Q: 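Here's a structure for you.
To find a chain, count down the sequence lines: A is the first, B the second, and so on, and within it residues start at 1. If you're wondering where the values come from, they're calculated on a predicted model, not measured in any experiment.
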Amino acid sequence: MPELPEVETILRGLLPKIKGQRINGVPEDGSKVFQMDPELLGLHLLGQVIRDLRRRAKYLIFDLERHRVIVHLGMTGQLTLRNPGKSDSDGFLRHPVTGLQRTRQHAPDRHTHFQIHLANGTSVLFRDVRKFGKVYLFDVLDGSAGVLFARLGPEPFSEDYTLKCFLERMGTRKLRIKSLLLDQRFIAGVGNIYADEALFEAGVYPGRRVRYLRKYEKVRIFKAVPDVLRKGIVAGGTTINDFVDSDGQVGGFQEQLNVYGREGERCYRCDSVIQKTVVGQRGTHYCPVCQKR
DNA sequence: AACCTTCCCTGATGGC
DNA sequence: TGCCATCAGGGAAGGT
């Protein structure tokens, strides 16, 4: 489940390798991930130079000369680089001595929905098993890409992310705090893993109703969100099942998770048993002692 | 308007 | 061993 740190990790890996490269071809498989006639993708992109690659929330934006290609990875989406001069590999083998993930690239398979062939011979591969991902194509002149982002809340690392605004926008809302953190209109980029981790760090039970939170609790949540996201970026993202960076490597933040995926294990802070429940139809992990109801 | 539920999709997992 | 049900969840759409 690529969230902000995973998308940022992919961005940082891809950008230096593809910036300034001209596009040679874009084979695609006609999958439902395409939000346009998929044949238009190759037709329009052929010959254009990739000027820049940016991130907004969980979206990646490829800035070309005349178009923007915007990719959302959904649940299982992957964007990886492939160099035909190097050998491909399957699975996630770990180095037997160091335990570190070796860099490995993957050949296209039946879940690879498109490739962007670059002039230097390398390719960017988009693979998505569950096809919750989406690929958009916009003309750079008509500005219509804005509709995708119009309703998104502030980036957690931007100047727009202020305590004053955070508190005001919480207002007297009745929904559960975790559901609010997952709402991309409230904050952009938080998903299920980092919502649980942020609420653990803030010491707030995920099922609490926003209107009954104390101000100091809201302040702690305000700080915890960018804090856990930053740690996730530093660690290169979280790999539960599917996430790999642009070089096909797994992330490192799963080693630092305090609650997510730790049901039945001991809390590192107080030694009580981590619980799992459901909040807003999402699996939700918490420490019953560190996060009081 | 605010909030909640359903749906999309496939592979992994567990019960029998 | 095989078969079927269940689960994972981002975000749009539909319902209350």
Side-chain angles (χ1 to χ4, degrees), chain A residues 1-10 29-36 55-60 70-79 90-92 106 108-114 126-136 145 147-153 155-156 168-199 206-213 225 229 232 237-244 250-251 254 257 259-264 274-286:
Chain A
M1 55 215 85
E3 306 179 29
L4 189 153
E6 288 71 41
V7 178
E8 181 69 23
T9 297
I10 291 170
D29 71 352
S31 152
K32 286 184 73 171
V33 301
F34 297 104
Q35 305 298 299
M36 85 296 292
R55 180 188 61 74
R56 171 74 172 107
K58 304 174 190 174
Y59 294 89
L60 274 172
I70 301 182
V71 175
H72 193 294
L73 297 173
M75 281 290 301
T76 53
Q78 302 171 333
L79 274 173
D90 299 320
F92 305 135
H106 299 268
D109 63 9
R110 67 195 183 95
H111 301 298
T112 303
H113 304 304
F114 73 88
F126 176 79
R127 180 176 186 269
D128 185 7
V129 170
R130 268 140 91 174
K131 293 184 238 180
F132 281 16
K134 289 191 165 47
V135 180
Y136 304 86
V147 301
L148 266 187
F149 306 137
R151 291 163 56 176
L152 288 176
E155 284 286 321
E168 279 175 8
R169 297 181 69 222
M170 280 186 159
T172 57
R173 300 188 63 170
K174 293 181 68 176
L175 80 173
R176 302 169 196 277
I177 180 59
K178 173 163 175 178
S179 297
L180 186 62
L181 293 184
L182 290 177
D183 186 344
Q184 302 300 297
R185 292 167 297 186
F186 185 70
I187 313 176
V190 179
N192 207 38
I193 297 173
Y194 294 93
D196 282 4
E197 292 299 310
L199 288 170
R208 294 273 302 282
R209 302 278 175 180
V210 173
R211 66 183 300 180
Y212 299 126
L213 291 173
V225 167
L229 293 175
T238 304
T239 300
I240 301 297
N241 292 309
D242 305 287
F243 173 69
V244 290
V250 298
Q254 64 277 5
L257 295 174
V259 286
Y260 187 88
R262 298 197 62 241
E263 179 189 13
I274 301 299
Q275 307 290 310
K276 183 176 182 184
T277 182
V278 175
V279 173
Q281 287 75 242
R282 296 287 178 259
T284 297
H285 313 72
Y286 65 100

Q: Whole-Å distance between C:dG10 C1' and A:His72 NE2?
A: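 Going from A:His72 (NE2) to C:dG10 (C1'), I get 6 Å.
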Q: Any side-chain N or O of A:Lys134 less than 4.0 Å from the OP1 or OP2 oxygen of C:dA12?
A: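 Indeed not, no polar side-chain atom of A:Lys134 lies that close.
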Q: Please find the pair of heavy atoms, one from A:Val225 and one from A:Leu181, that lie closest to each other, and give the distance.
A: CG2-CD2, 4.1 Å
Q: So which atom in A:Arg130 and which in A:Met75 form the shortest heavy-atom distance, rounded to 0.1 Å?
A: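 Scanning both residues, the minimum pair turns out to be NH2-CE, 3.8 Å.
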Q: Between atom CZ in A:Arg173 and atom C1' in B:dC3, what is the gap in whole Å?
A: 8 Å
Q: Quick one: A:Arg127 CZ to B:dG11 P, roughly how many Å, whole number?
A: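 Distance, rounded to whole Å: 9 Å.
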Q: Between the opening five pairs and the closing five pairs of the helix from B:dA2-C:dT16 to B:dC16-C:dG2, how far apart are the helix axes, to 10°?
A: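 It comes to 50° between the two terminal axes.
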Q: Which heavy-atom pair separates A:Glu3 from A:Ile193 by the least distance, and what is that distance?
A: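 It is OE2-N, 2.9 Å.
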Q: In whole angstrom, give the distance that lies between atom CG of A:Leu73 and atom P of B:dT10.
A: 17 Å
Q: How many whole angstroms separate atom CZ of A:Arg169 from atom P of B:dA1?
A: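 Atom-to-atom, A:Arg169 to B:dA1, this comes out as 15 Å.
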Q: Kindly give the heavy-atom pair with the smallest separation between A:Arg262 and A:Leu257, and that separation in Å.
A: CD-O, 3.2 Å
Q: Taking atom types as modelled, find out whether A:Lys131 and A:Ser31 have a side-chain donor-acceptor pair closer than 3.5 angstrom.
A: no
Q: Hey, does A:Lys276 reach any base, or is it just sugar-phosphate, or nothing, if we go heavy atoms under 4.0 Å?
A: sugar-phosphate
Q: Tell me: CZ of A:Arg185 to C1' of C:dG10, nearest whole Å?
A: 13 Å
Q: Using a 3.5 Å distance criterion without hydrogens, assess whether the side chain of A:Asp196 forms a donor-acceptor pair with backbone atoms of A:Tyr260.
A: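 Pair absent, no side-chain N/O of A:Asp196 close to backbone of A:Tyr260.
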Q: Excluding sequence neighbours, so at least two apart, what forms salt bridge (charged side-chain N to carboxylate O under 4.0 Å, His left out) with A:Arg127?
A: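 A:Arg127: salt bridge (charged side-chain N to carboxylate O under 4.0 Å, His left out) contacts with A:Asp109.
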Q: Taking A:Lys134 for the side chain and A:Lys32 for the main chain, is one N or O donor matched with an acceptor at less than 3.5 Å?
A: no
Q: NA contact type, A:Met1, heavy-atom cut-off 4.0 Å: base, sugar-phosphate, or nothing?
A: sugar-phosphate
Q: Quickly work out the A:Ile177 CD1 to B:dA2 P distance and round it to whole Å.
A: 16 Å
Q: Measure the acute angle between the ring planes of A:Phe126 and A:Phe114, then classify it against the limits of 30° and 60° as parallel, tilted or perpendicular.
A: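 Rings of A:Phe126 and A:Phe114: parallel, as their planes differ by under 30°.
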Q: Whole-Å distance between B:dT10 C1' and A:Asp109 CG?
A: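 A:Asp109 atom CG is separated from B:dT10 atom C1' by 13 Å.
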Q: Picking from A:Asp242, A:Val33, A:Ile10, A:Asp128, what satisfies side chain to side chain contact (heavy atoms under 4.5 Å, CB included) with A:Leu73?
A: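 For A:Leu73, the side chain to side chain contact (heavy atoms under 4.5 Å, CB included) check succeeds only for A:Ile10.
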Q: So which of residues 188-196 of chain A are in contact with DNA chain B, with a heavy-atom cut-off of under 4.0 Å?
A: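 By residue number: none to list.
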Q: Residues two or more places apart in sequence or in another chain: which of them pass side-chain hydrogen bond (donor to acceptor under 3.5 Å, both in side chains) with A:Arg209?
A: none
Q: Strictly under 4.0 angstrom, non-hydrogen atoms only: write out the protein contact profile of nucleotides 4-9 of chain B, one letter per nucleotide from the 5' end, B, S or -.
A: SBB-BB
Q: Look at the side chain of A:Tyr260 and decide which nucleotide, out of C:dG11, C:dG10, C:dA8, has an atom nearest to it.
A: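 Out of C:dG11, C:dG10, C:dA8, the nucleotide with an atom closest to A:Tyr260's side chain is C:dA8.
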Q: Would one find a side-chain N or O of A:His111 under 4.0 angstrom from OP1 or OP2 of B:dT10?
A: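 For B:dT10, neither OP1 nor OP2 has a side-chain N or O of A:His111 closer than 4.0 Å.
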Q: A:Gln184: what forms a side-chain hydrogen bond (donor to acceptor under 3.5 Å, both in side chains) with it, not counting sequence neighbours?
A: none
